[in-house]
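To find a chain, count down the sequence lines: A is the first, B the second, and so on, and within it residues start at 1.
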Amino acid sequence: MLSVVVFLPLAVGLVLLVLPRPRDGTVAWTWVAAAALDLALVIGLWVYHPSASGSRGTVTGPLAYEERVLWIPSVGASYHVGVDGFSLPLMAMTAVLFLACAVYSLRRRGGRVRAHAVLFLFLQTVSLGLFSALDLLLFFVFFDLSIVGMYFVIAGWGHGNPARSALQFFLYTFLGSLALLLGFIGLYVASDPRTFDMVELAGQTPLEGRGPAGGLVLLAIGVGLAVKTPTVPFHTWLPPAHTDAPAVGSVILAGVLLKMGTYGFVRIAMPILPGAWSDHAMVLVVVGVASVLYGALVALAQTDFKRMVAYTSVNHMGYIILGLGAAGLATGAQSGAAALAITGGITQMVSHGLLTGALFLLAGVLHDRADTYDMGSYGGLAARAPRFAALAAVAFFGSLGLPGLSGFIAEFQIFAGSLGPVPVATALALLGILVTAALFLRALRRLFLGGPGPCTDRVGDLSARESAAIAPLLALAVLIGLLPHFLLGRVEPAARALAALVTG
Amino acid sequence: MESVDPLTLLPELILALAAVGALLFGSWTPRRRQGRVRLCVTAALLAALAATLVAAATGTGSDSGGHTVDTATHAVRVVVLVGVLATVLLAADTFAAHPRESEFHVLLLLAALGTMALAGASDLLVLAAAYLLASIPLYALVGFAKDSPGTEAALKFYLLGALSGILLLTGATLLLGAGGTTGYAGLADALPGAPRALVAAGVIAVLAGLLFKAGGVPVHFWVPDVAEGAPAPVAAFVTTVPKIGALAALYRWGDQVLAGAAPDWALPAALLAAASMTLGNLGAFLQTDARRLLGYSTVSQVGYLLMAVAAVGGRADLVQPGLLFYLGAYTAANLGAFAVVCALRARTLEDHAGLFRDHPWLALSLVVCLLGLVGTPPTAVFVGKLALFTAALEADLGWLMVLAAVNTVASLFYYLRWILPLFRASGEPPEERERSEPPGRWSTGVAVTAAAASLGMGIAAGPVLGLL
């Protein structure tokens with residue numbers, strides 16, 4: 001069942017590829033149908049997920065829909081997938097974002113519609129596969145393929161200087177992925193019996209108490225994931241990649257691909273190296289706070305709308321790293337706080353995916369109309385494009401953490417969970433919220449209020465297609481903000497199990 | 001030396017007979033109808049492949065003291081035969097109706113025979129004979145077109161090859177003097193007690209010969225010139241197939257003789273591996289000629305493969321299957337990339353601009369093969385690299401593993417320089433593009449098949465590794 005969910009998009013993509021000269025409309029609607037069907041299947045997984053029963057299948061919490069087929073027996077690698085409270089919300093968010101991209105791309109012009117659709121269907125399989133992988137090698141396969149797929153999206157459909165940005169993106173993140181691979185090989189060599197299976201490794205915790213080896217492996221895995229996340233100082237590939245990527249490419253890059261880094265921390269680094277994680281958690285806290293403050297301050301200085309959103313991603317990912325690091329520093333008595341911080345981190349991943357997805361689609365709307373992201377060229381858009389302005393305002397306020405929207409739920413939990421273990425760092429990170437609020441309010445004023453800029457009269461309001469792509473993302477953000485329990489109820493059991501591990 | 005059951009050498013015998021047969025048959029066939037020879041050669045290759053598969057499936061093996069037939073030999077035979085088959089098909093576009101077509105096939109078969117013998121050799125004299133058989137036909141093949149780049153490449157190849165051959169024979173003589181025998185088993189017993197300087201000189205000289213065949217640093221200078229100057233199918237063959245035999249021979253030599261006899265063997269081998277992968281990459285960085293780039297990339301691939309030779313002291317159950325799997329994966333990816341070059345008759349990277357729009361399947365095959373050479377999952381080279389990285393770490397060569405990973409990232413840069421233009425609109429006006437020749441049919445087929453094989457071997461890595 002889970003494999004069907006993962007590979008359905010790829011199968012549809014292959015069918016599209018062998019069809020003899022399909023019409024553009026057929027391709028676009030097939031893509032929408034495939035993404036919608038996959039979302040329906042993920043919702044099915046969600047509804048029938050047995051986590052409510054609370055059977056503790058493994059050390060990292062209950063797993064559902066497990067499938068395991070030996071892949072390369074001689075190195076103990078298998079095709080092992082399964083779903084728990086961490087992966088399910090991310091899979092759901094992935095399916096939602098890909099559907100939004102499919103809807104947004106319904107009226108694509110300029111040829112190569114089929115290649116575009118097939119590439120995104122491929123990326124959807126890769127992303128869903130990564131979030132359900134329970135084997136290090138399988139995880140790595142999907143991790144690398146996501147880089148390859150996104151490279152072609154940027155290089156093939158980007159604007160500005162896409163070849164250069166795509167190359168920089170590929171080289172930078174590929175370097176990260178090889179650091180990750182070295183870390184995985186280190187774990188494999190230390191395990192006994194030899195295996196790449198995450199569940200077995202989490203049971204063995206092979207590098208516990210083995211001195212510097214655990215730290216080195218954590219360093220390799222941490223660098224690999226930090227490049228992907230990205231955190232300061234590994235974030236320099238992100239702004240050019242986003243600026244030159246097409247709108248839907250940015251949505252997937254920021255919404256889904258960045259989460260692969262933070263998800264890797266939760267899924268691999270923390271359960272398999274809990275001791276090393278606790279020992280070196282202070283480094284992560286510092287990196288997290290640095291990302292929060294640096295990302296916010298640099299975003300404040302941007303005049304390019306898309307670049308600004310890209311830097312706020314660095315800021316938002318910083319909160320997650322802060323929360324996960326704080327969970328590692330929590331003492332046994334603070335395990336409740338650690339669980340809260342981890343839950344907040346997962347919620348932030350989902351919330352950031354939805355809100356940033358919406359923001360990048362809105363940026364794409366602007367670029368489609370007037371060919372520029374420069375905020376100074378616009379002004380007074382609220383009068384000309386009221387629906388655009390309303391949706392953008394919701395996304396802005398959600399992103400800066402206004403109560404009632406998903407960002408608040410996520411950040412509140414992270415801060416509440418981190419305050420006990422790392423009070424000073426948390427206080428510093430709170431300043432990040434202040435800066436983000438300032439920059440979003442300023443962007444709001446520049447774009448929507450005041451007198452019209454040189455490009456204002458080229459911007460018409462959202463079409464039905466664009467609204468249909470963007471509005472559901474924001475509706476979900478509001479839903480999580482008002483009724484978070486449907487999400488938190490899935491995440492919390494797994495977060496408690498993980499918190500017990502790293503604080504133990 | 002015990003008597004050898006000729007049946008265990010059936011694939012080699014078929015190749016030898018086919019070479020002689022093709023020569024005779026070609027001489028009696030009109031020059032314009034030499035396509036028949038190609039058919040016969042293909043049939044002989046398929047027969048040899050079938051014989052190998054039967055022998056491997058029934059577990060037939062032998063060890064005559066001079067030539068060993070074991071899993072490694074079987075695997076090398078399969079890869080070499082498939083590689084030659086692919087070359088014959090590639091050449092069908094280039095050399096069809098060429099007046100000397102049957103000579104081409106004869107030389108190809110003899111070189112393949114030498115390569116297979118190289119992999120099975122377990123005696124220095126057999127090794128030297130196999131080395132010559134695998135080298136001399138190639139000198140002629142490289143200069144086959146009788147044009148000036150080909151002649152230059154052939155001369156360079158020949159001079160370096162002759163020097164390495166002399167070194168190999170000198171090494172064999174020195175080791176005979178030191179150990180009193182040329183058989184691997186006897187040398188492994190005798191060398192630890194022999195004078196160290198003599199052994200070291202002999203080992204280095206033998207190594208130089210084999211490294212030349214493999215195209216590894218420091219005797220790699222012929223590789224880019226041959227890749228650029230030889231006719232494209234020959235370049236595909238020379239940069240791919242002989243390496244298979246040479247690396248299998250290097251592994252056997254390291255595993256059976258040196259691992260026990262020379263305790264400090266791992267470090268020089270690791271240094272050679274490191275030098276090959278690094279210098280090969282540095283050479284490839286700024287190339288604008290596609291074939292020259294591939295030539296340098298094969299030098300760096302040899303570096304990764306040499307990691308297996310350096311890690312012979314580690315876990316044997318992973319090193320040898322890993323090496324053999326990597327050899328197969330490398331053959332598929334490299335031949336696939338060369339097949340695209342053959343199909344398009346393009347020279348520079350820029351000539352490939354707009355390929356995705358004109359010939360999407362060729363472009364996709366090239367992307368799969370080049371990313372396969374990088375080692376992107378799920379292509380087969382990824383599994384090979386994974387096995388060798390793990391083997392290196394287990395043999396306490398962590399630094400070599402890190403260096404190989406860094407080199408892998410560096411190599412991505414030049415492969416992407418080739419991939420990127422594929423998706424760009426080409427600079428030429430459309431009329432001019434339509435006038436250019438259509439891509440070769442056979443080469444296109446080989447490219448697509450090789451790309452599919454590269455992916456298929458990666459996904460089915462478990463069963464394949466289980467056989468090795």
Side-chain angles (χ1 to χ4, degrees), chain A residues 17 69-79 111-112 114-115 118 126 129 136-145 147-148 151-152 155-157 162-164 166-190 194 196 213 216 220 224, chain B residues 314-315 317-318 321-322 325 356-357 360-361 363-364 367-368 371 374-379 382-383 385-396 398 401-402 404-413 415-417 419-425 458-468:
Chain A
L17 209 55
V69 183
L70 280 180
W71 178 31
I72 313 176
S74 54
V75 294
S78 51
Y79 171 78
R112 296 190 299 168
R114 172 161 63 166
V118 171
V126 167
L136 292 178
L137 268 196
L138 192 65
F139 182 92
F140 181 77
V141 167
F142 287 127
F143 194 88
D144 247 20
L145 287 180
I147 300 174
V148 175
Y151 168 78
F152 286 120
W157 286 268
R164 195 187 152 77
L167 184 68
Q168 190 185 358
F169 162 75
F170 201 144
L171 286 179
Y172 215 134
T173 48
F174 199 74
L175 180 70
S177 87
L178 279 170
L180 194 63
L181 181 64
L182 296 188
F184 288 175
I185 293 178
L187 281 177
Y188 169 75
V189 170
R194 299 287 162 88
F196 277 109
L216 277 177
Chain B
R315 249 176 77 203
D317 59 329
L318 195 64
F325 188 88
F356 183 69
R357 200 178 45 197
W361 287 108
L364 284 181
V367 170
V368 169
L371 288 181
V374 179
T376 313
T379 57
F382 165 67
V383 179
K385 270 196 179 163
L386 178 76
L388 295 191
F389 280 24
T390 313
L393 186 60
E394 298 218 13
D396 289 330
M401 179 181 80
V402 173
V406 171
N407 266 306
T408 303
V409 178
S411 72
L412 186 65
F413 174 73
Y415 292 120
L416 283 180
R417 279 184 59 225
I419 290 179
L420 201 57
L422 303 181
F423 297 90
R424 223 174 36 214
I459 291 167
V464 177
L465 270 175
L467 294 174
L468 298 172

Side chain, backbone, both or neither of A:Phe143 within contact of chain B (heavy atoms, under 4.5 Å): neither

Pick one of side chain, backbone, both or neither for B:Leu465, based on which atoms fall under 4.5 Å of a heavy atom in chain A. side chain

Write down the atom of B:Gly462, the atom of A:Pro73, and the distance for their closest heavy-atom approach. CA-CD, 3.5 Å

Can you tell me how far CE of B:Met401 sits from CG of A:Leu181, rounded to the nearest 0.5 angstrom? 8.0 Å

Applying a strict 4.5 Å limit to non-hydrogen atoms, the region of B:Leu393 in contact with chain A is side chain

If you tally heavy-atom pairs under 4.5 Å against chain A, which of B:Val374, B:Leu386, B:Thr408 wins? B:Leu386

When the 4.5 angstrom heavy-atom criterion is applied to A:Leu175 and chain B, the contacting part is both

Beyond-backbone contact of B:Val383 with A:Ile72, side-chain heavy atoms, under 4.5 angstrom: yes

Please test B:Leu371 against A:Val148 for side-chain contact (heavy atoms from CB on, under 4.5 Å), starting from the C-alpha separation and ending with a verdict. CA-CA 9 Å; B:Leu371 288 181; A:Val148 175; 3.6 Å; yes

Please check if the number of heavy atoms outside A:Arg164 that lie under 6.0 Å from its CZ is greater than 12. no

Atom group of B:Val406 that falls short of 4.5 Å from chain A, counting heavy atoms: neither

Looking at every heavy atom in both A:Asp144 and B:Pro377, which two are closest together, and how far apart are they? OD2-CD, 3.1 Å

Where does A:Phe196 contact chain B at under 4.5 Å (heavy atoms): side chain, backbone, both or neither? side chain

Write down the atom of B:Leu318, the atom of A:Val75, and the distance for their closest heavy-atom approach. CD1-CG1, 3.6 Å

A:Trp71 side chain vs B:Ile459 backbone, donor-acceptor pair below 3.5 Å: yes

Tell me, side chain or backbone of A:Leu137 under 4.5 Å from chain B's heavy atoms, or both, or neither? side chain

OH on A:Tyr151 to CG on B:Leu412, rounded to 0.5 Å: 8.0 Å

Please find the pair of heavy atoms, one from A:Leu178 and one from B:Ala405, that lie closest to each other, and give the distance. CD1-O, 3.4 Å

